[in-house]
Each structure stands twice: as structure tokens, then as C-alpha cells.
Amino acid sequence: MYDTLTRQLQPIKPRNGKVVHIYCCGPTVYRDAHVGNLRTFLLSDLVRRALTMSGFESLLIQNITDVGHMSEDFEEDKILAQSRREKRDPFAIARDYEARFHDDLALLNISPADSYPRASECIPMMLGHIEKLFELGYAYRGDDTSVYFDSQKFNSYGELSGNRLDALKPGHRYEFTEGGAKRFHADWALWKAAGNRSEMIWDTPWGRGFPGWHIECSAMSLHYLNGHVDLHIGGIDLRFPHHENERAQSNPVTGDEAVDLWLHGEHLLFEGRKMSKSAGNVVLLRDVMARGFDPLAIRFCFMENRYRSQMDLSWASIAAGQSVIRRWREKYQEWCAVPQELTVAAQSEIVKIHGNVAEDLDTPRALIALREVEKSNSLSFGEKRAIWESLDSLFGLDLLKPPQEVELPAGAEELISARARARSEKNFIESDKLRDQLAALGVQVRDTRVVRMGSLQLSLRQRIGYPFHALLQFLVR
RNA sequence: GGUGGAGUGGCCGAGAGGCGAGGCUCGGGACUGCAAAUCCCGCUACACGGGUUCAAAUCCCGUCUCCACCUCCA
């Protein structure tokens, strides 16, 4: 995978034992995740599936930020601000959005992390981490009794993001809220004094307060992953300042590079602009579903683009993705008429696609290969079936899913048989009328019998070697 | 202003010196009473201006445009 720190491809490997330790920055649960956020969470899922494919075990920790993430004005915690807007308890809000976050992940077939520690429940380990930074001389108390990180003390500050400490200009927003409390403008708060804040605050040796945004990831990643992170995942916008600061906080404590490989997912644009509240183009997964799309159409769209390219999503591209996965599912059902055949040719396709995925998660190329399998004239149905079955868990697109069985609305059954009767009597005026009535009930009728023959005849010519019962089964379909 | 990335047909997108990916849409055809679906065929593109080369979407120089990051962000 492409490592942000060394700016080149690096192998993923477990440092201790055989389990790859992964940390992925999770959501701040003050609002619904939009599909852009979900793109990053999909990245960690794809990495895990690729690791499983390659025979590795992995342990994934993803934090839930329910405290300490300051909002735009740097005056109020994001959760508390939302709590004020919704006039509800801040933790109740956090729990609600957290549950909705999990719902969204499930809809996208993003397999759950092994653990989702909440920042608010990890305060002691953050305090312990800050304590160590004090002992090592990286932390100091400001005039406002907050605790700050001494950025100049950390020699390689800026290596991850490409910023240089002396080039970072004092930010006016920081100056606004933190006055002269910090020794240096690039320093940041590890622990913030409560001030006049009365909710979501904790008692500490340095007084009552709440954690800075970055400390949770340092403390929680090292705690839950036993002191070392093999792979750290997050959105590209977290590269600076969040991950730069996290690295500065973590490395002194571990006495080493705390993270072996920094993986960043690029941003999602929607119809040409970065998805954001201010651009007014925020799309939630439920918006996609409200338009009748399978949520996995989004997963498909994401996989059609390399994770480290900006990608532009649009309703048209979601529709295109949807029609491809629908066709693939239908094709698979056809291929299932014959037994699967894991031949040498099929295996070499599978190996090729594994290779695409293992090479810096080249899912676009892997999907191209899947299309080639679909269209191939040299692969048999049984081989295609074997390939689909072997790769389904790698892609997570539910390609083996049969068309949904749904209850027909009341009266539909009668209309369908009446229509069949009318058609057999060549009373097409009547049969079309009945079709319209069915359409009004939401039932779409397709007359498929003759249609299948066209492609079937072609397939039979190719499949002449199959046992007779398999052919018969296919004809019956 | 600084840094990074990108401009490919109606749309989305791969390719990174030499046989014009693929998908979606659209058009034509086969099939069908019709429709839908499916299958077949078609739509010949690489921002602009120079240059290098036998050969450039691909390399070089310049220009334009867009996007992102530069202390809210996935």
C-alpha cells in the first residue's frame, strides 16, 4: 500500500506475531456520516478483505469520537453544539448517531471492526498518555491551565504532511481562542481546561477539563493494539493536523515509529465539488436508497476508483454501477445451472484478480478483470461460476445474491393469470390493459420464455460436454 | 500566495510512446403481438499552442481550466 510517510509503496506486515494491527480513525458522532465519510471506512474494509485473501489475520480498532472534537469556531465541542441544536443530552445524541453509523456500514457490507472504543470511555488511558508525555518533557501547562504539546521538541514534526514547523503560520482562529497560553503557535492542546464548560468534563491531576482532539487516537491506538500500529487508516484531510499531531504524541511514548504504514483515502467529490455542508452537496446513504438504488451500487462506484484518487460521484454513475451489479447477479444465477468448475483457467483468473487487489488495492483493475470474465467466450459457465463464488467475499458486492423474493400484492396473481389467458387467446388489447393494471400495483411483467432461447442456444453450443440433466435443468429455467 | 493532483467521446472512466479498454446513456438490428429483458452492431475521443520522434493521449516546453490541502473535515 502507498505509505504517506515514505511516499512509496510499502508491504503491510504484522510486527508482533501474525496478526496485522490496524487502526482507522472513526467518526465524530454529531451527525450522520455522508457517503464521502463512508468511502474512507470502506477503505479499511477492503484492506482487511485483501489481508484475509493473502492469508493474514487482522485486528481492527476504530474509535468513536464522542467528545473533544472542537467545531469550526473553536469554542464549542461538536457534540455539545449539536446537543444545543437538538436540545438533547449530548451523550444521547452521540449514541444515536453512533448506531446510525453502524447501520450505514452494514448496508455497505463493511464488516465491523473488532472494537469501537468510545473516546468518552477512554479518558483514563488518555490521561496516562499525557502523563508519559509530561515525564518525557513533551507536555507543558499553559497559562490557561490547559496542557499543551511542545511541537518544537518533536524533531520530525511535519514529515507526514510535508509541512515545516517554521513555515506554519499562526492560525488566527487558534490565536482567537487560546490567547497567549501556548508557547508556540503550532503547539496544540492535549487536555483543555473546562473553563465555563459544564458538560462532558472530567477531573484530572491538572484540573477539570476535556481531551484535545488528537490525544484520543494516540492513546487508544496504542492501548488497544498493544503498543504498535502496523497500519493506520484515515481520510486524507486528517493527514494534517490530526495525524501529524498523533504521530508526534505517539512516537515519544513508544520510542520508535508508532505506526508502520500511514494509509490515506482521498476525498469524494459529488458532481464536481468536495462533499461538504457548505457546498450543499452532502449525500447520505439513505438519500441514495430513497432514490431506489441498492446501497452496494455505491460500494461498486467506490471500487471502480482507486482509493487514493479523488473521485467524482454523480447520480448517473451510481445508476451505472447499479445496472452492472444487477446484471452480474443475474448472470450468476444463469451460470448456476451447471456445476462449478475450478479449472486451471479459472484459478489463474482468480490469482490475477488477487494480484490486482494486493497491488495497492487496485480495485478498478480487478473490476475490469471481472468484466472480462463475464464476457469471456473461452470460460465455461461452470468456470465463471467458480470465479464468482471464489471472489464474492473479496469484493463484498453480494454477487451471489439471488433476486429477492417478494410477496405479490393482493389481486396481482389473478391479474397475471387473466393476462396469460388473454395472451393465449391473442387478445392483446386485454392483455396490455391487464399489464397496466399490474403496473399500477407496482408489478412489472416480463414475458421471458422466448427471449431466453436466443442466448440459451448459443450457450448450449458451447456447453455440449455437460451431463444431460444439467442441460435439462437449464432449459427448464 | 504555497503544495499536490487532474483535464480522454453525450456521461463516467482505464491506459502512460506504436494493434482505438470497459461501463452507462443513446442509435440501429435480431428476438418479441407489443413492451421489457437479453444478444449483435454502431457512436472513433484524449484541454490548447509549440516541440522531440519513423511514430505522441502517452515524452519535453509554454498556456488555460478544474479540484484538493495549507490548523473544521473522512
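Keep in mind that the numbers below use all heavy atoms, side chains included, and drop hydrogens, waters and symmetry copies. Lettering follows sequence order; numbering is per chain, from 1.
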Compare the minimum distances between each of [options] and the side chain of [X], then state the nucleotide with the smallest one.
{"X": "A:F428", "options": "B:A68, B:G22, B:G33", "answer": "B:G33"}
{"X": "A:K78", "options": "B:C72, B:U71, B:G33", "answer": "B:C72"}
{"X": "A:M275", "options": "B:G23, B:A74, B:U71", "answer": "B:A74"}
{"X": "A:V324", "options": "B:C67, B:C24, B:A74", "answer": "B:C24"}

- Task: Run the ring-centre check on A:Y116 versus A:H102 and record whether the distance is less than 6.0 Å.
- Result: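 Here the rings of A:H102 and A:Y116 have centres that are less than 6.0 Å from each other.
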- Are the aromatic rings of A:F395 and A:W328 close, with centres under 6.0 Å apart?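 When the ring centroids of A:F395 and A:W328 are compared, they turn out to be at least 6.0 Å apart.
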[X] vs [N]: side-chain N/O to OP1/OP2 distance below 4.0 Å:
{"X": "A:K375", "N": "B:A21", "result": "no"}
{"X": "A:K426", "N": "B:U32", "result": "no"}
{"X": "A:R419", "N": "B:A35", "result": "no"}
{"X": "A:R239", "N": "B:C70", "result": "no"}
{"X": "A:R326", "N": "B:U38", "result": "yes"}

Watson-Crick or G-U wobble partner of [N], both distances under 3.5 Å:
{"N": "B:C72", "value": "none"}
{"N": "B:C43", "value": "none"}
{"N": "B:A36", "value": "none"}
{"N": "B:C64", "value": "B:G7"}

Report yes or no: is there a donor-acceptor pair, N or O only, under 3.5 Å between the side chain of [X] and the base of [N]?
{"X": "A:R435", "N": "B:C34", "answer": "yes"}
{"X": "A:N305", "N": "B:G13", "answer": "no"}
{"X": "A:H267", "N": "B:A68", "answer": "no"}

Report the distance from atom [atom1] of [X] to atom [atom2] of [N], rounded to the nearest whole Å.
{"X": "A:F300", "N": "B:G22", "atom1": "CZ", "atom2": "C1'", "value": "10 Å"}
{"X": "A:L268", "N": "B:A74", "atom1": "CG", "atom2": "C1'", "value": "10 Å"}
{"X": "A:W188", "N": "B:C72", "atom1": "CH2", "atom2": "C1'", "value": "17 Å"}

- Residues A:D66, A:R95: salt bridge by 4.0 Å N-O rule: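 Yes.
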- Kindly state which residues belonging to residues 352-368 of chain A come within less than 4.0 angstrom of RNA chain B, counting heavy atoms of the residue only, listed by number.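 Heavy-atom contacts with RNA chain B come from A:R365, A:I368.
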- Query: Should we say atom NZ of A:K433 is surrounded by more than 12 heavy atoms from elsewhere, each under 6.0 Å from it?
  - Reply: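 Not buried by this count: 12 neighbours or fewer within 6.0 Å.
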- Task: Would you mind building the protein contact string for nucleotides 25-30 of chain B? One character per nucleotide, 5' to 3', B for base within reach (heavy atoms under 4.0 Å), S for sugar-phosphate only, - for untouched.
- Result: ------
- Please state the P separation for the pair B:G17 and B:C12 - nearest whole angstrom.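 Going atom to atom, P in each nucleotide, I get 26 Å.
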- Query: Quantified in whole Å, what is the P atom distance between nucleotide B:C48 and nucleotide B:U65?
  - Reply: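 Going atom to atom, P in each nucleotide, I get 15 Å.
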- Quick one: ring-ring contact (aromatic ring centres under 6.0 Å, His included) pairs with a partner in residues 28-47 of chain A, sequence neighbours left out?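 Only A:F41-A:F101 qualify under ring-ring contact (aromatic ring centres under 6.0 Å, His included).
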- Message: One pair to check against side-chain contact (heavy atoms from CB on, under 4.5 Å): A:L108 and A:D45. What are the steps and the verdict?
- Response: CA-CA 10 Å; A:L108 279 180; A:D45 178 58; over 6 Å; no
- Query: Angle class for the A:H242/A:H214 ring planes (parallel below 30°, perpendicular above 60°, tilted otherwise)?
  - Reply: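 Ring orientation, 0 to 90° scale: tilted.
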- Query: What orientation do A:W262 and A:H264 show, parallel under 30°, tilted 30 to 60°, or perpendicular over 60°?
  - Reply: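 Plane angle under 30°, so parallel.
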- Query: Between A:K192 and A:S146, what is the shortest heavy-atom contact and its length?
  - Reply: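 That closest heavy-atom pairing would be CA-OG, 3.5 Å.
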- Query: Which pair of heavy atoms, one from A:A248 and one from A:P252, lies closest together, and at what distance?
  - Reply: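 Minimum heavy-atom contact is O-CD, 2.8 Å.
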